[in-house]
Amino acid sequence: MTGRDELVGRFTGAWTGQAAALRHQVGAVALEMQGEGRAHARFYCTYVLTGEAATLAGMGEYHDDLVRGVDGRWRVARRRHRFLTPLAH
């Protein structure tokens with residue numbers, strides 16, 4: 001992809017005609033095991049305002065502390081988020 005318009009089109013093309021909404025696309029996930037039943041996940045998020053005036057709204061990152069429950073399923077024990085750009089509305 002080259003340029004902002006192509007990027008926005010790629011991620012919002014299927015949403016044309018829907019009511020405007022802020023959607024987010026998650027990617028670049030990094031997972032680090034931190035002992036038995038504990039892990040840390042870091043991932044980036046792109047926020048897209050959908051609808052007739054679809055536009056790239058901003059970017060952010062998440063940091064999750066994960067724990068494995070007695071049932072073997074992983075759960076988010078703590079989530080931290082920060083915007084990497086101002087969020088456009």
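Side chains are part of it too, since the values below use all heavy atoms of this structure and drop only hydrogens, waters and symmetry mates. Residue numbers run from 1 in the order of the sequence given.
The two residues Tyr44 and Ala28 have their closest heavy-atom pair at CD1-CB, 3.8 Å.
Tested against Asp65 for a side-chain hydrogen bond (donor to acceptor under 3.5 Å, both in side chains), the candidates Gln34, Arg80, Arg75 yield a single pass: Arg80.
With a 4.5 Å cut-off on side-chain heavy atoms, Phe43 and Asp64 count as touching. Side-chain contact between Glu61 and Leu84 is present, with at least one heavy-atom pair separated by less than 4.5 Å. Contact check for Leu66 versus Val76: side-chain heavy atoms found under the 4.5 Å cut-off.
In this structure, the side chain of Thr85 engages the main chain of Met59 through a donor-acceptor pair within 3.5 Å.
Linking Ile, Leu, Val, Met, Phe, Trp and Tyr residues whenever their side-chain heavy atoms come within less than 4.5 Å leaves Met33 and Tyr62 in two separate clusters.
Heavy atoms from other residues, nucleotides or ligands lying under 6.0 Å from CZ of Arg42 number 12 at most.
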